[in-house]
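Because the structure is a prediction, the values reported are computed rather than measured.
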Amino acid sequence: MSCVLRGVVCCAFLCLPSLAFAQLDSSLDPSFGDAGRSAFAIVSRDPAETPGALNWAQVAPFKVLPRGDGSAIVWSNAATPYDLPISTSSVPVAVRILANGVWDTSWGASGGGRTVIYVGEDYSWRANDAVSTPDGGSAVVGTIDNPDGSSDMAVWKFTAAGQADSSFGNGGLRRLRRDGLPSDAGKALHLADLDVTGVGFPVPNLLIVAGNVRDGLSGPHGLGLTLMDLTGTLCPSSVAGCGNVVAGDVGLSTEWGMLRIGTGLCPNGADIDVADLTKFDAGVAEAIPVLIRGCGDTAVVKHTVMGNNGGSWRWTTNSAYANTGRSLVTFGAGFRVDGNAIVHAPDASLPLGSESLVIAGARALSNGSQPLMMVARLNRTTFSAQTYDADPPGDSWLSPGAYADALLVQPDGKLILGGGMALSSWTFGDSLLMRLNADLTPDPSFGNLSASLPGRQIYGYAIGGTDRDNRINAIALTPDGKLLAAGYAYASNDGNARYGSLMRMRLEGDRIFANGVDGQQ
């Protein structure tokens with residue numbers, strides 16, 4: 001515990017794929033689940049009723065966390081009661097999928113192979129993001145809605161076995177309850193080492209918690225950022241690097257600090273919604289860029305930084321960036337731009353390339369129709385943005401659009417987007433992956449959707465012998481170089497129920513030992 005937060009070859013050539021061998025980059029891994037896919041349904045709080053056979057359910061995965069043994073934890077929101085639409089009240093649920101794609105029914109704290117987060121019958125609650133912790137467990141950020149209409153950010157922590165971590169907060173929960181009737185929502189979470197006081201010794205393994213904050217039950221939200229360690233101890237208000245406001249002391253014996261940036265982050269004054277955040281050090285001290293949705297025709301990245309400000313070490317807006325510390329990505333009037341994911345993606349070809357960021361999302365018409373995948377690379381003063389379709393020319397299933405919901409950087413600097421595209425209409429569609437080179441050009445070595453659409457691959461999803469609508473909501477690299485994609489697949493063709501889904505793809509067809517082309521991994 002840091003004093004900062006506590007105190008203040010087959011060597012034969014025949015084994016190599018020939019030039020005529022089918023494209024393996026992006027192909028589903030046949031050694032995982034059912035031909036590369038694994039579906040699961042949360043149909044009841046009663047462990048006797050789950051897992052078992054797939055059944056009518058509403059499951060919306062939002063994060064996949066690979067583990068060193070090849071398994072993965074998938075966090076989802078599941079509707080309650082379980083036969084209601086996913087837009088109704090939901091609870092966060094985690095399951096563990098083994099390296100072979102089988103649901104581990106022995107894992108979890110709630111019986112039946114899952115961990116269900118519970119707050120109380122008088123509340124509703126949901127989660128938005130999760131990270132792996134060094135002890136093999138996970139931390140989850142979300143929102144608790146109170147009976148009086150207010151809401152709080154909240155962070156939960158779990159052990160590797162899926163049990164609530166009793167050493168964290170109050171029985172595994174740290175509720176960020178502020179005074180009054182706040183309308184706060186926990187949105188994004190990131191684990192990082194941070195030099196909070198400028199002494200040159202970063203505090204290890206701090207959770208950066210980001211969310212929408214508002215005093216009262218109406219009006220626009222601002223941005224709230226705070227830090228806590230892996231015991232749930234919040235950054236104290238006595239440390240300037242913890243933020244610019246006292247964030248209240250409800251339920252805590254000491255006050256804590258928050259970097260709070262008021263309304264007006266959207267150029268049009270719209271109500272903001274925090275989408276994602278990342279962190280990098282190079283050139284700008286402890287910089288934490290935050291991606292914001294909801295700004296209509298502009299995607300916004302708000303740049304924050306811990307560093308020397310007026311003689312003291314503070315957490316504040318990063319003035320090294322234009323527009324009062326904001327990067328604004330727009331395609332002009334008549335378009336809506338949503339950023340859904342942000343990564344730190346260094347690019348040596350750009351000035352101050354180590355500070356380079358990439359965001360992914362969608363650019364649509366102003367009414368949200370006809371979306372295209374959107375990617376933008378940002379530096380301190382400008383951006384370079386591209387859009388990509390997933391509709392091969394002459395295809396009889398005219399696609400009304402595609403979007404990116406998830407983004408990651410490969411070790412070689414290439415970028416992978418995960419999301420979805422529609423076939424014929426948005427009532428049916430498929431999961432979508434796309435790989436880009438560092439300069440945002442499509443990578444032709446990836447995917448085989450169409451010769452005219454390099455770098456793209458879509459994935460059908462057969463259940464009961466019928467192809468079902470499915471999407472990708474989260475992606476992650478496995479330790480052995482494969483890709484995990486979590487999302488949902490419709491349980492029936494009428495779109496009334498959704499299963500959770502996990503797929504595993506092979507990224508590099510020529511790296512047979514890392515990616516199991518020989519079928520041995």
Yes or no on side chain to side chain contact (heavy atoms under 4.5 Å, CB included) for Thr317 and Thr304, after CA distance, side-chain angles and deciding distance?
CA-CA 4 Å; Thr317 292; Thr304 68; 5.7 Å; no

Is a donor on one side and an acceptor on the other found under 3.5 Å between the side chain of [X] and the backbone of [Y]?
X: Trp313; Y: Asp195; value: yes
X: Arg377; Y: Ala438; value: yes
X: His190; Y: Val131; value: no
X: Trp125; Y: Ile117; value: yes

Between [Y] and [X], is there a side-chain donor-acceptor contact under 3.5 Å, judged purely by atom types and distance?
X: Ser26; Y: Arg435; value: no
X: Arg293; Y: Asn340; value: yes
X: Ser150; Y: Arg178; value: no
X: Thr330; Y: Asp297; value: no

Is atom CG of Asn170 surrounded by more than 12 heavy atoms (other residues, nucleotides or ligands) closer than 6.0 Å?
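Not buried by this count: 12 neighbours or fewer within 6.0 Å.
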
Taking all non-hydrogen atoms of both residues, which atom of Ala240 and which atom of Arg314 are closest, and how far apart?
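What the structure gives for the nearest pair is CB-NH1, 3.6 Å.
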
Scanning both residues in full, the closest heavy-atom pair of Val300 with Cys295 reads CG2-SG, 3.8 Å

For a side-chain hydrogen bond (donor to acceptor under 3.5 Å, both in side chains) with Asn212, tell me which candidate from Asp273, Asp184, Asp271 qualifies.
Asp273

Residues Asp145, Arg126; criterion salt bridge (charged side-chain N to carboxylate O under 4.0 Å, His left out); working and verdict
CA-CA 9 Å; Asp145 296 319; Arg126 58 207 175 276; 2.5 Å; yes

Could you walk me through whether Val196 and Leu206 pass the side chain to side chain contact (heavy atoms under 4.5 Å, CB included) check?
CA-CA 10 Å; Val196 183; Leu206 294 181; 3.8 Å; yes

Identified side-chain contact (heavy atoms from CB on, under 4.5 Å) partner of Leu449 from the options Met434, Met421, Arg456
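That would be Arg456; it is the only one of Met434, Met421, Arg456 passing the side-chain contact (heavy atoms from CB on, under 4.5 Å) with Leu449.
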
Please test Ile97 against Arg504 for side chain to side chain contact (heavy atoms under 4.5 Å, CB included), starting from the C-alpha separation and ending with a verdict.
CA-CA 11 Å; Ile97 306 297; Arg504 190 166 73 196; over 6 Å; no

Can you give each donor-acceptor pair under 3.5 Å made by side-chain atoms of residues 357-364, sequence neighbours left out, with the distance rounded to 0.1 Å?
none

Please determine if Asp405 and Arg471 form a salt bridge, counting it only when a charged side-chain N lies under 4.0 Å from a carboxylate O.
no

For Tyr488 together with Tyr490, are the ring centres under 6.0 Å from each other?
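Ring centres of Tyr488 and Tyr490 closer than 6.0 Å.
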
Under 30°, 30 to 60°, or over 60°: which ring-plane class applies to Tyr321 and His303, parallel, tilted or perpendicular?
parallel

Could you go through Asp443 and Lys414, starting from their C-alpha distance and side-chain angles, then the distance that decides it, and tell me whether this counts as salt bridge (charged side-chain N to carboxylate O under 4.0 Å, His left out)?
CA-CA 8 Å; Asp443 178 6; Lys414 293 183 179 181; 3.0 Å; yes

